[in-house]
Amino acid sequence: MTPLARHLALFGLLLPAAQDPQQTPTPPPAPRSTLNHALVFLDPAHGGDDAGAPLLSPAGEPIFEKDITLALAGRLRSQLSALGLTVLSTRDTEAQAAGAPSTGAISPSAPTPDQRAGQANHVHPFACIVLHATGTGSGVHLITSALPLPHSSDAVPTLLAWDAAQAGFLQQSDRLAAEISTAIARAGLPVHTSRATIRPLDSLTCPAVLLELAPTRGLSPADSGYQARVAQSVATALLFWRGHADPPAADPAAAAQP
Amino acid sequence: MIPRHQHYLFWALAAGILLALAFLLHGCRQAEKRLATPQDETPISAPISAENETVTLDLASDSDGAITRQDRPLAMPVEASTRARALLEHLLVQYTLPGSAHPLPSGPAVDDVFLLALPLQEPAQASIPRKSSAISMRNSPVYGDSGQLAVVNLHGAFADNHPSGVEVEALTLDSIIGTLHANLPQITQIRFVVDGHPRETLAGHADLTRTYPAVDTAATRP
């Protein structure tokens, strides 16, 4: 390269920096997606010593919430895997067939809510689904965090409190709940959405929805057909949501603070 | 040969035994019916001279997850914490009545309600910088440093026998929060303890370690 060409190249590099930033404002860089768009996080609630709510099976036998959530997670995992998505679950279903009653062989030390949130936050899934079951109410309950929205609607501070980490993802979680609600309603099942303060929902840094199965039209949450319909609806909604999940933008003001 | 009067005595005794058996069976059936029938355990009105006033109850419904407001005439105590306790007792008794949309087991539910003036800390110590309203939500007054913090002390049996589930537990808490907010506007925050001690959850799901803002829960639910 000749000296003249070298000077021209250097001038070309320095020119943008010398320009008045007020005349040509530099647009802020687009937020880089930190969500893994191939990974879904499932949390079948309870487990081990924590049996959860007592319910009745379709045959009228007692069954615990932890067994129903595990069975539902197994069905959902199968549906999502068939759609090409990777699934990470807080409780391993490999050793236990979906729908099978608990044999008591599960470790008594099931993960705590904080451990469950830690697992999810470590892998950045594009959707976190927390699974519960109950004997009261009716239909499918879709619940998002009751945390208050941050002051700036589109920004989250760089430093988050553990118990309020979900605050920055509230809008995403509401949209995800709406997608799942629509899919479940299309399947002809009653569904309603609400907000609640539940652990580990408030500590998740991903679009997160808590799904609670309740009895409906004579169907028990332990009913395999009922679970299959719900799992298929949720899987369809997640496949659509995969292309729409974006992380919230970082708050530059908060980042500048010490 | 048995004398005639002994015949009469025998048959009289046999008839008496049969009558006694029939009476016992009837009594057993009556007792079973009485135990199986849901009891209306509405407390009898206390003999106080206070006049009825209109209070607002935020009543929950399990079927649609909604909370609806209803006005009821009720004689209320004057002192604020006693008033809050009477209000919550009256609210939770509604859920034990037959046909309730949010059925809860009967029995004592609220031991006490304590009202504490905010802020709890010294002003110099309370001035913690906050980046967002969500960050410092837990265990400290963050929804405003004015007003009162209501500490609701629930009865242990109430929490132990409460139906287990995310929605049903959240509805109970929202019903209590909304009712306190509607009738005692000076309350800005609410905490829950059980038998005087902190407890992780109400019945395995709803978080009781948080400080809840006193808000209109009927408006925030569908």
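Throughout, a chain's letter reflects where its sequence line sits, starting with A, and its residues are numbered from 1. Bear in mind that the values here come from a model prediction, so they are computed numbers and not experimental data.
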*Any chance the side chains of A:T205 and A:N121 put a donor and an acceptor closer than 3.5 Å?*
yes
*Proximity of residues 176-185 of chain B to chain A, residues having a non-hydrogen atom under 4.5 angstrom*: none
_Contact leader toward chain A among B:D62, B:V166, B:T201, where contacts are heavy-atom pairs under 4.5 Å_ = B:V166
_When B:A101, B:G204, B:S63 are compared by non-hydrogen pairs under 4.5 Å with chain A, the top option_ = B:S63
*Pick one of side chain, backbone, both or neither for A:L55, based on which atoms fall under 4.5 Å of a heavy atom in chain B.*
neither
_Residue part contacting chain B, namely of A:E65, when any heavy atom lies under 4.5 Å_ = side chain
*Shortest non-hydrogen contact from A:W162 to A:S203?*
O-OG, 2.9 Å
*Check whether any side-chain N or O of B:N161 sits under 3.5 Å from a backbone N or O of B:A157 as a donor-acceptor pair, and report yes or no.*
yes
*Can you tell me if B:S100 uses its side chain to pair, donor with acceptor, with the backbone of B:T96 under 3.5 Å?*
no
*Sequence-distant partners of A:Y226, side chain to side chain donor-acceptor pair (under 3.5 Å), two or more places apart*: none
*Who are the side chain to side chain donor-acceptor pair (under 3.5 Å) partners of B:R69, not counting sequence neighbours?*
B:D58, B:D216
_Looking at chain B, which one of A:A45, A:P54, A:A53 has the largest number of heavy-atom pairs inside 4.5 Å, strictly under?_
A:A53
*Quick one: salt bridge (charged side-chain N to carboxylate O under 4.0 Å, His left out) partners of B:D111, sequence neighbours excluded?*
none
_Among B:D112, B:L154, B:N153, the one residue meeting side chain to side chain contact (heavy atoms under 4.5 Å, CB included) with B:V193_ = B:N153
